[in-house]
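A short write-up of the structure that comes next.
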Amino acid sequence: MRKAFEEAADFKSGEAMLSVGHLANQAYFIMAGANHGEGAVLTRGRTNVIDAWHLYETPAKDTKGINKQPDWFRLQTNYDHWTPAPSYDDRRTPGVTHGSQFCKSGVDMDCVLKVWSPSLSSSVAGTIVV
């Protein structure tokens with residue numbers, strides 16, 4: 001991950017760098033670029049990309065429409081976006097609601113915190129916002 005931050009010249013090259021290599025565990029990489037429409041959630045397995053969910057694209061894995069979100073943002077929690085969030089830990093539903101409500105005029109740190117804070121769970125071990 002550090003190499004992608006240091007060496008990737010643009011969104012596409014950063015996505016390519018985060019898509020390869022061995023990881024200790026499965027991970028979600030939530031990415032945003034400098035240009036309009038550059039954003040994705042990469043679901044990584046230990047050795048490969050399981051899914052790449054880009055802005056303004058129909059999700060390939062969510063064939064049942066389980067996780068409907070506006071095209072202009074992606075909200076990722078601890079569960080694969082193509083599976084239902086468990087009822088005991090559904091941070092997705094309030095997060096999408098708050099994102100649609102608070103971020104219509106643009107996504108900035110204030111918007112992210114308004115979406116993120118009410119959706120926190122006691123099971124969240126850590127989050128990094130860069």
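Sequence positions, counted from 1, serve as the residue numbers for this chain.
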Between His54 and Ala40, the two heavy atoms sitting closest are CD2-CB, 3.4 Å

Indicate yes or no for a side-chain donor-acceptor contact from Gln69 to the backbone of Trp72 under 3.5 Å, with no hydrogens or angles considered. no

Output the distance between atom CG (Asp89) and atom CG (Asn78), rounded to the nearest 0.5 Å. 6.5 Å

When rounded to the nearest 0.5 Å, the distance separating CG of Asn35 from NZ of Lys12 is 11.0 Å

Connected via hydrophobic side-chain network under 4.5 Å: Phe73 and Val112: yes

Rounded distance (nearest 0.5 Å) linking atom CD of Glu7 with atom OG of Ser13: 10.0 Å

I need the Thr83 OG1 to Lys64 NZ distance, nearest 0.5 Å. 10.5 Å

Which heavy atom in Gln76 sits nearest to a heavy atom in Val41, and how many Å separate them? OE1-CG1, 3.4 Å

Closest non-hydrogen atom pair, Gly14 against Met31: C-CE, 3.9 Å

Any chance you could measure Thr97, atom OG1, to Arg92, atom CZ, to the nearest 0.5 Å? 12.0 Å

Got Val49 and Phe29 here, is their nearest side-chain heavy-atom distance under 4.5 Å? no

Same apolar cluster (I L V M F W Y, side chains within < 4.5 Å links), Phe11/Phe5: yes

Find out whether Cys103 and Val115 are in side-chain contact, i.e. whether some heavy atom of one side chain is under 4.5 Å from a heavy atom of the other. yes

Please tell me if the side chains of Pro86 and Tyr79 come closer than 4.5 Å, counting only heavy atoms from C-beta onward. yes

Taking all heavy atoms of Asp80 and all of Tyr28, pick out the closest pair and write down the distance. OD1-OH, 2.6 Å

Check the orientation of Trp53 and His81. Use parallel for under 30°, tilted for 30 to 60°, and perpendicular for over 60°. parallel

Heavy-atom check, side chain of Thr43 versus side chain of Lys61, under 4.5 Å: no

Got a second to check how far Leu75's CG is from Arg91's CZ, nearest 0.5 Å? 9.5 Å

Is a side-chain N or O of Tyr56 found less than 3.5 angstrom from the main chain of Glu38, in a donor-acceptor match? no

Treat each ILVMFWY residue as a node, draw an edge where side-chain heavy atoms are under 4.5 Å apart, and state whether Met1 and Leu42 are in one component. yes

Is the backbone N or O of Asn25 less than 3.5 Å from a side-chain atom of Arg44, with the two atoms forming a donor-acceptor pair by type? no

Hydrophobic cluster membership, Leu113 vs Ile30, 4.5 Å side-chain cutoff: no

Side-chain donor-acceptor contact under 3.5 Å, Thr93 with Asp90: yes

Same cluster (ILVMFWY, side-chain, under 4.5 Å), Val107 and Leu55: yes

Is there a donor-acceptor pair under 3.5 Å between the side chain of Asp108 and the backbone N or O of Asp110? yes

